[in-house]
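Everything on this sheet refers to the single structure shown next.
Lettering follows sequence order; numbering is per chain, from 1. All figures in this text were calculated on a predicted structure; none of them were measured in a lab.
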Number of protein chains: 2
Amino acid sequence: MNYEKYSIGQLAKKTACKVETVHYYEKIGLMPEPPRTDGGHRVYALPHVKRLNFIRRSRALGFRIEQIKELLKFIDEPNHYCGEVKAMAMQQASVVQEKIDDLQRLQSALNEMIIQCSSGNKQVDDCPIIDALYTEKVVGQ
Amino acid sequence: MNYEKYSIGQLAKKTACKVETVHYYEKIGLMPEPPRTDGGHRVYALPHVKRLNFIRRSRALGFRIEQIKELLKFIDEPNHYCGEVKAMAMQQASVVQEKIDDLQRLQSALNEMIIQCSSGNKQVDDCPIIDALYTEKVVGQ
DNA sequence: ATAGAACCTATAGTTACTATAGGTTCAAGG
DNA sequence: CCTTGAACCTATAGTAACTATAGGTTCTAT
C-alpha cells in the first residue's frame, strides 16, 4: 500500500479541522497515533483522512465523542451489525428532535415577549420583557 | 424594609438552582454579595430571589452570561430604554431560530440515513449509515 | 454536649474543543 | 551550505457555564 503522505496541517485542511483538534482526537483515542518522520512530525495517509472525516461528520450530526468511539469500535472490530448503528442513529435523531422542540418553545416565549414590547422608547422600569423575566413564569424554564 | 431571611440553600431551592451556581454567579458578578451572619453564612431576601429568578429565566431563554450582565445593567442603572432590551430579545430570537434551522437540517440528514438502513442484520461493512459517514458529504457539516 | 445538616472557601472536573508558550523540524531561497 | 520563516512538536492553560469535591466551620435540634 503506497498512499500519498500528508502532514498534520494538510490533514487538517482536507477535513476542515484544526491541527490542535487532531492532536486532541489522538490524545483521547479517536485517531490512531500515526507514523512519524525522523524529526518527529506526524505522517498521515488516506485512511486517516477518511477516519477523521468520519469523526467530523459524526460530530456535525451531534454525536458525542463517546458515541463516536462506539461507532468507530463497530468499524474496527468484527461481529457488529448494522442494527446497532441504526439504533444509535435513531437515538440521536430522538435527541435532536427534543432539542428542536425545546428551542421552539424558547422561540415562542421570546416572540411573545417581543410582541408585548410594542414601543421601544419606554423606560426600562416599564419594560414588559424585563417584567416577564422578573415576575412571570417564562415558558422554557 | 423588613424582608424574610433566607439561607443560600433556601434561595437555591426557591429558584430551582444549585448552591454552587449561586456561588458562581456571585463570583462572576451577576449576584451581589449578600450580608452575612456573624458566622459567615450568607443571608438572602426577596430582592435576591427575584434577581436570581431573572437570571435563571434569562439563561433558560438562552441568553449568555455576558448578555444577562447587560440586561441587569439596564435595570440597575437609570437612563436605559425598553428598546435596548427589545433589541437584545430580537437578536436572541434570531440566534435561536438559526439553531432551530441547523438542528432541522441535522434531523433531515439523520432521518435520511436511518431510512437507508432498512434491515438491521447486515454486517457493519455493508451499513449505509457508516458508508455515509465515511464517504459522502453529510448535510449539516 | 453531641450529631448531623448546611454552610464556608478553594480547587478541580465536565465537554469539546481552542489558544498559548517555548522549542524543534522542514523546506525554499540565496 | 546557510538563513529564514512556516509548520511542526509537547505541554499547559483557557473557553463557557456550570458542577463536583475536599476539608473545615457554623447552625440547629435533641
Side-chain angles (χ1 to χ4, degrees), chain A residues 5-45 48 52 54-72 92 95-96 99 102 106 140-141, chain B residues 5-45 48 52 54-72 92 95-96 99 102 106 140-141:
Chain A
K5 305 280 172 64
Y6 304 117
S7 70
I8 192 168
Q10 288 166 328
L11 175 70
K13 184 169 289 186
K14 282 182 169 312
T15 54
C17 183
K18 307 205 82 171
V19 166
E20 293 97 336
T21 308
V22 181
H23 283 171
Y24 172 65
Y25 287 159
E26 180 184 310
K27 182 178 177 182
I28 61 174
L30 282 192
M31 285 291 284
E33 292 201 29
R36 305 275 186 128
T37 62
D38 289 341
H41 286 199
R42 293 169 173 80
V43 180
Y44 293 101
H48 295 109
L52 187 52
F54 180 95
I55 293 163
R56 299 305 289 167
R57 290 187 187 114
S58 302
R59 284 293 303 129
L61 288 174
F63 286 104
R64 293 170 149 255
I65 298 283
E66 278 305 311
Q67 287 174 304
I68 298 170
K69 281 182 182 175
E70 289 287 324
L71 288 172
L72 288 170
Q92 181 62 16
V95 168
V96 171
K99 279 185 194 161
D102 282 349
L106 294 197
Q141 182 174 8
Chain B
K5 305 279 174 64
Y6 304 117
S7 69
I8 193 169
Q10 289 167 327
L11 176 70
K13 185 170 288 186
K14 283 182 168 309
T15 53
C17 183
K18 307 205 85 172
V19 167
E20 293 97 334
T21 308
V22 181
H23 284 172
Y24 172 66
Y25 288 159
E26 179 184 312
K27 181 177 177 183
I28 63 175
L30 282 192
M31 283 293 282
E33 292 201 28
R36 306 274 184 128
T37 63
D38 289 342
H41 286 200
R42 292 169 173 81
V43 181
Y44 293 100
H48 296 110
L52 187 52
F54 180 95
I55 292 163
R56 299 305 288 166
R57 290 186 190 116
S58 303
R59 286 293 303 129
L61 287 175
F63 286 103
R64 292 169 150 256
I65 299 284
E66 279 305 312
Q67 288 173 304
I68 298 170
K69 283 181 180 173
E70 287 288 322
L71 288 172
L72 288 169
Q92 181 61 18
V95 168
V96 171
K99 278 185 198 162
D102 282 349
L106 295 197
Q141 182 174 11

Measure CG/L11(A) against P/dC8(D) and give the value in whole Å, please.
10 Å
Tightest non-hydrogen contact, residues V96(A) and L61(A), listed as CG2-O, 4.4 Å
At less than 4.0 Å, is any side-chain N or O atom of R56(B) found next to OP1 or OP2 of dA17(D)? Yes or no.
no
With a cut-off of less than 4.0 Å, is there a side-chain N or O of Y25(B) near OP1 or OP2 of dC18(D)?
yes
Between H23(B) and I8(B), is any pair of side-chain heavy atoms under 4.5 Å apart?
yes
Would you say dA19(C) has OP1 or OP2 under 4.0 Å from some side-chain N or O of K18(A)?
yes
Whole-Å distance, L30(B) CG to dA17(D) C1', equals 11 Å
What is the separation between atom OH on Y6(B) and atom C1' on dC7(C), rounded to the nearest whole Å?
19 Å
When Y44(A) and Y24(B) are each assigned the nearest nucleotide of DNA chain D, the 5'-most assignment goes to Y44(A)
Using whole Å, report how far CD1 of I55(B) lies from P of dA17(D).
13 Å
Restricting to non-hydrogen atoms, name the atom on V19(B) and the atom on A12(B) that form the minimum distance, rounded to 0.1 Å.
N-CB, 3.9 Å
Any side-chain N or O of S7(A) below 4.0 angstrom from OP1/OP2 of dC8(D)?
yes
Donor-acceptor pair, K69(B) side chain versus I28(B) backbone, under 3.5 Å?
yes
Can you check whether R64(B) has a side-chain N or O nearer than 4.0 Å to OP1 or OP2 of dA16(D)?
no
Expressed in angstrom and rounded to an integer, what is the separation of R59(A) atom CZ from dC17(C) atom C1'?
9 Å
Looking at dC7(C), dA17(D), dT18(C), which one has an atom nearest to any side-chain atom of I65(B)?
dA17(D)
Just checking I28(A): base, sugar-phosphate only, or nothing, at a heavy-atom cut-off of under 4.0 Å?
nothing
N or O in side chain of R42(B) less than 4.0 angstrom from dC7(C) OP1/OP2:
no
Letter by letter from the 5' end, nucleotides 21-30 of chain D scores (B base, S sugar-phosphate only, - none; protein heavy atoms under 4.0 Å) B----SS---
If each of V43(A) and K27(A) is mapped to the nucleotide of DNA chain D with the nearest heavy atom, which maps nearer the 5' terminus, i.e. the 5' end?
V43(A)
Nearest non-hydrogen partners of M31(A) and H48(A), listed with the distance:
CE-O, 3.7 Å
Rounding to 0.5 Å, atoms CD (E26(B)) and CD (E33(B)) come to a distance of 4.5 Å
Do I65(A) and Y25(A) have side-chain heavy atoms sitting under 4.5 Å apart?
yes
dA5(C) C1' sits how many Å from Q10(B) CD, rounded?
13 Å
From the candidates dT9(C), dC7(C), dC17(C), the one with an atom nearest any side-chain atom of H23(B) is dT9(C)
Tell me if a side-chain donor or acceptor on R59(B) pairs with a main-chain N or O of F63(B) at a distance below 3.5 Å.
yes
Are any of R36(B)'s side-chain N or O atoms less than 4.0 Å away from OP1 or OP2 of dC7(C)?
no
